Each structure stands twice: as C-alpha cells, then as structure tokens.
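Down below is the structure, laid out as structure tokens.
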Amino acid sequence: MEGKLSEASKRAVPSPIQQLSHLAQRVGAVNLAEGFPDFPAPAHVKAAAAAAIAADLNQYRHVQGICDVLAATMKRDHGLDVDPLTDFAICCGQSEAFAAAIFAVIDPGDEVLLFDPAYETYQTCIELARGVPVYVPLDPPSWTLHADKFLKSFTRRTKAVILNSPHNPTGKVFSRAELLIISQACQQMDCFAITDEVYEYITYDENKHISLASLPGMQERTIITSSLSKTYSVTGWRIGWACAAANIAAAIRNIHVKLTDSAPAPFQEAALVALTSTPDYYESLKKDYAERRDFILQLLKNYGFHISFKPQGSVFVFAELPKSWQISDIDFVTNLINNAGVAAVPGRGFFHTDADDQTYHHRYVRFAFCKSDETLKAAAQKMMKPVKSNRKNEHVTK
C-alpha cells in the first residue's frame, strides 16, 4: 500500500539533520543541536500545572484568562489594541497556530515569501496547504534584508510573507528599517504577514524585538504566532496562540478545533500563571541567556571558529566554518559527534534558495545554547580535548 501514500507524505522524509540526531543519541553525545532547554522550568509555573491536574482540570477547555493577559501584554509591549474575546486562538503550540494560520489564508497556487535561511516547518505547512514557498535570501554574514531582492520576489500570486524575528537559525533581530520595508511591501501588494515571535523575550545587548503588527497599517493584515515554549522553558507543554483581526482569528480557531479541539487543559491553567510572571523573571531570563550565549561564543572561538555575527536574539549561534577548514557542515557535525561526543546541526537544512554563491550553504553549523551550565561545560570539555591534544602533538613534532 506504500504506493498509495499521498505526495505530501512522500515529501516529508527524514532530513540529514534527523539522521545525525539519531547518531548523536546512539553515541550519547552532548546535545547542542536541538532548541529545547535541559534545565528545569520555573517552579511557580510547574506548581500551577500540578495544581490544575490535581484539581481535575483535565478535559477539553478554553481558558479565556490567557487571552485577557495576552491582550494587556500586547498593548503594553507593542501598543496594539486587540479584543481578547475575538482576536485570539489558543492552540497546541506555535507550530499548530502557524499551521492553522497557513490553512486559514493559503489556497492552492498561492505564493508565500520566506526569508532564507528558514526553519524547515514553515515550508511543510505551506506545501500541505498546496501553496508555493518562495525564498528570499538574507545576505550573510549579518543576514541583512536586501530590499531589491525582496521586492522583486512579489508576484500577483503572492498571498503572504512569513517573518521569524528573533530568527532561527541565525539569531538575527530584524531592525525597524527592515520591518518598514516589509510592512510597506505587504500593504502595497495587499498580502498577509504571518509572524513567528517565540523568541520575543530573548534578545541581547541593545536589540529589541518589534512586532511587525505594531507598524502603521499592519495590524489588520498580520497574524502573530507565539507560545510559552521558549520563554518559560516548557517546549513539551504545547501551548501557543495566534493573534489576528477578529474575522481572521475566527477562521484560525475553526481550523484549530477541527485539528486538535483544544490545547492541553492543565497547561492552559499554568500558562495563566506563567504569563503573569513579574518583570524580574524576564530580566533574569535575558541575563541568563546572555551569559550562555557569551560562553558558547568563547568556546567556538577557542575551538577555531571566527564569529562574524553575534546573535542578537533567540538561543542559537549560526557559526561559519573557517575557510581554511576544507570540510562541509555535515562532515564537520558527523566528526564532532563521533570524535568529541557533541551534537550540533548542519546549516544546509535551513537553506533553500539558489544563491549566486551557494558554497556558503554548506559552511554553517547551528549550535543551541539553551542548555544548563553543566551541559555547556561538558560540551566545552569534550570539544576542547581533541583540540588540546592536537596542539600538544604539534608542539611535540616541532
């Protein structure tokens, strides 16, 4: 019966990244590949989930209080006036919110613009809706938006633009000037914008997350998606949301109900507690992640990388292999797993465009630093051991 499987299922095959993940598991490698924390979630948030389960809040449920808090937060952080009764869909994580948003607005043949490199799930959702992903390359090493390339990517079939900021895999935070280019193009071409803002509270130095919906003329055409996962270290709870104008949000909610009916009830209750965390929680979150970022940047420099772009947000470093290293991203990661016992992600899985110079597509490796101090120190010890050994051998041969 395999021949009767859908074309969509045939396209959704394991990537080299997944295959290397299996290798890392087999050898027990330290995991700097996947973007989930290995440290405890906040105690007050876990306690709220446990209390909800104990109170038997375990059936299909919609916790309106989440929408009320999110509406107040969007007003405070972005100046957006949203109606908590009509403008939200609570979903099973940002992934379902994004998928439901795509299914709500994309018809067969519609084109959707994405910035490359890009998180791979976006393309799958677009293709399941029978839309056409169109990639716009960001310019390395700082992953800047090239306005001319972007504007030339629009056609009469363009239906939406996808924006992920802070950005996975690069750690880029789109500037206000770049957001203005995107917003003006969306309005001129009368298309939707769908944003992934899951790293909204994880920014560094002077970089600040700006929601595209907050720019003039954009709220009515923007679908914001986000979640609890990254901010509160609960990636397995699957609580996310979409925020949009009432008629768009209603379409997303209708699709969500047909897909999963309801987000996990006790974790919705816990979300209400998480989303009302005090300001010092978010300050501590940024401080702790900034320290982790700086630790892994120094580790990679010690290992031999030249860091040309310091992450402005998110929990990833997208490091370019030195030109003197005659090795591809996949070979580097395979060797890193086998020889040092540390796992990372080859960058090629995030690239999709036919650039003038495609060689750089095979020259990047993504490292996740949303890990405990113990994990990061263990990775450093493992990675530096062969480096120190090589240096010692070089000294002996001299």
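The shown structure was predicted, so the numbers you read here are calculated from the model rather than taken from an experiment.
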Does NZ or CZ of R366 fall inside the cone over F350's six-membered ring, less than 6.0 Å from its centre and within 45° of the axis?
no
Could you pull out the closest heavy-atom pair between A263 and I239, with the gap in Å?
CB-CD1, 3.8 Å
Geometric class of the H352/Y135 ring pair [parallel <30°, tilted 30-60°, perpendicular >60°]
parallel
I102 with L128, same ILVMFWY side-chain cluster at under 4.5 Å
yes
Counting N and O atoms only, with roles assigned by atom type, does the side chain of T225 sit under 3.5 Å from a partner on the main chain of T195, one being a donor and the other an acceptor?
yes
Do L212 and V161 belong together in a cluster built from hydrophobic side chains that touch within less than 4.5 Å?
yes
Rounded distance (nearest 0.5 Å) linking atom OH of Y232 with atom CH2 of W237:
11.5 Å
Close side-chain approach of D38 to S372, heavy-atom, < 4.5 Å:
yes
Run D294 and Q298 through side chain to side chain donor-acceptor pair (under 3.5 Å) and show every step you take.
CA-CA 6 Å; D294 293 345; Q298 188 59 53; over 6 Å; no
Measure from the side-chain N and O atoms of S284 to the backbone N and O of Y281, and report whether any donor-acceptor pair falls under 3.5 Å.
no
Report yes or no: do F316 and I337 belong to one cluster of Ile/Leu/Val/Met/Phe/Trp/Tyr joined by side chain heavy-atom distances under 4.5 Å?
yes
Evaluate side chain to side chain donor-acceptor pair (under 3.5 Å) for E197 paired with S211, printing each intermediate quantity in order.
CA-CA 8 Å; E197 303 183 23; S211 181; 3.0 Å; yes
Spatial distance of atom NZ (K159) from atom SG (C191) [nearest 0.5 Å]:
10.0 Å
For S262 and Q268 the tightest heavy-atom approach is OG-NE2, 3.9 Å
Linking I/L/V/M/F/W/Y whenever their side-chain heavy atoms sit closer than 4.5 Å, directly or via other members, would F267 and V45 fall into one cluster?
yes
Side-chain heavy atoms of S314 within contact of H167, under 4.5 Å:
no
Between Q188 and Q184, a side-chain donor and acceptor under 3.5 Å:
no
Can you find a pair of side-chain heavy atoms, one from R293 and one from V315, that are under 4.5 Å apart?
no
Lys/Arg-Asp/Glu bridge criterion (N-O < 4.0 Å) met for R130, D107
no
Between E111 and R157, is the closest basic N to carboxylate O distance under 4.0 Å?
yes
Within one Ile-Leu-Val-Met-Phe-Trp-Tyr cluster: W143 and L180, side-chain cutoff 4.5 Å:
yes
What closest approach, in Å, do N31 and K371 show between heavy atoms, and which atom pair accounts for it?
O-CE, 3.0 Å
Please check if the number of heavy atoms outside K10 that lie under 6.0 Å from its NZ is greater than 12.
yes
Compute the centroid of each ring, for H209 and then for H78, and state whether the two points are separated by less than 6.0 Å.
yes
So with a 6.0 Å cut-off around CZ of R176, is the heavy-atom count from everything else above 12?
no
Between E96 and T260, do the side chains contain a donor N or O and an acceptor N or O under 3.5 Å apart?
yes
Do E291 and K287 sit within salt-bridge range, that is, some charged N less than 4.0 Å from a carboxylate O?
yes
Taking NZ, NE, NH1 and NH2 as the nitrogens, is one of them in K152 or D148 under 4.0 Å from a carboxylate oxygen of the other?
yes
For a 4.5 angstrom cut-off between non-hydrogen side-chain atoms, does K310 reach V317?
no
Is there a donor-acceptor pair under 3.5 Å between the side chain of Q59 and the backbone N or O of A265?
no
Are S142 and K172 packed together at the side-chain level, in the sense that at least one heavy-atom pair is separated by less than 4.5 angstrom?
no
Output for pair (L215 CG, I210 CD1), nearest 0.5 Å, gives 7.0 Å
Report yes if the side chains of V136 and L114 come closer than 4.5 Å at any heavy-atom pair, otherwise no.
no
About how many Å separate CD1 of I223 and CD1 of I194, when rounded to the nearest 0.5 Å?
4.5 Å
Side-chain donor/acceptor of D87 to backbone N/O of D83, under 3.5 Å:
yes
Within a strict 4.5 Å, meaning less than it, do heavy atoms of the Q187 and P216 side chains meet?
no
State, to 0.1 Å, how close I330 and P346 come at their nearest heavy-atom pair, and which atoms those are.
CG1-CB, 3.8 Å
Aromatic plane relationship, F351 with Y364 - under 30° parallel, 30 to 60° tilted, over 60° perpendicular:
tilted
Is E269 salt-bridged to R61, cutoff N-O under 4.0 Å?
yes
Is a side-chain N or O of E178 found less than 3.5 angstrom from the main chain of F174, in a donor-acceptor match?
no
Mind checking whether F367 and F332 have parallel, tilted or perpendicular rings, split at 30° and 60°?
perpendicular
Backbone of V198 reached by a side-chain donor or acceptor of D196 within 3.5 Å
yes
For F305, is the NZ or CZ atom of K301 found under 6.0 angstrom from the centre of its six-membered ring and inside 45 degrees of the ring axis?
no
State plainly whether the residues D81 and K75 are in salt-bridge range, i.e. N to O under 4.0 Å.
yes
Contact between V69 and L272 at the side-chain level, heavy atoms closer than 4.5 Å - yes or no?
yes
Can you give me the closest heavy-atom contact between I255 and A100, atom names plus distance?
CD1-O, 3.8 Å
Shortest non-hydrogen pair, C125 vs F103, comes out as O-CE2, 3.7 Å
T334 side, atom OG1; N339 side, atom CG - distance, nearest 0.5 Å:
10.0 Å
Does Y119 have more than 12 heavy atoms from other residues, nucleotides or ligands lying within 6.0 Å of its OH?
no
Could you check whether the rings of F98 and Y122 sit parallel, tilted or perpendicular, using 30° and 60° as the cut-offs?
tilted
Quick one: pull up CG in N247 and CD in E220 and give me the separation to the nearest 0.5 Å.
10.0 Å
Please determine which of D116, D331, D329 meets the salt bridge (Lys or Arg N to Asp or Glu O under 4.0 Å) test together with R348.
D329
Is R292 positioned over the aromatic face of F39, cation under 6.0 angstrom from the ring centre and no more than 45 degrees off axis?
yes
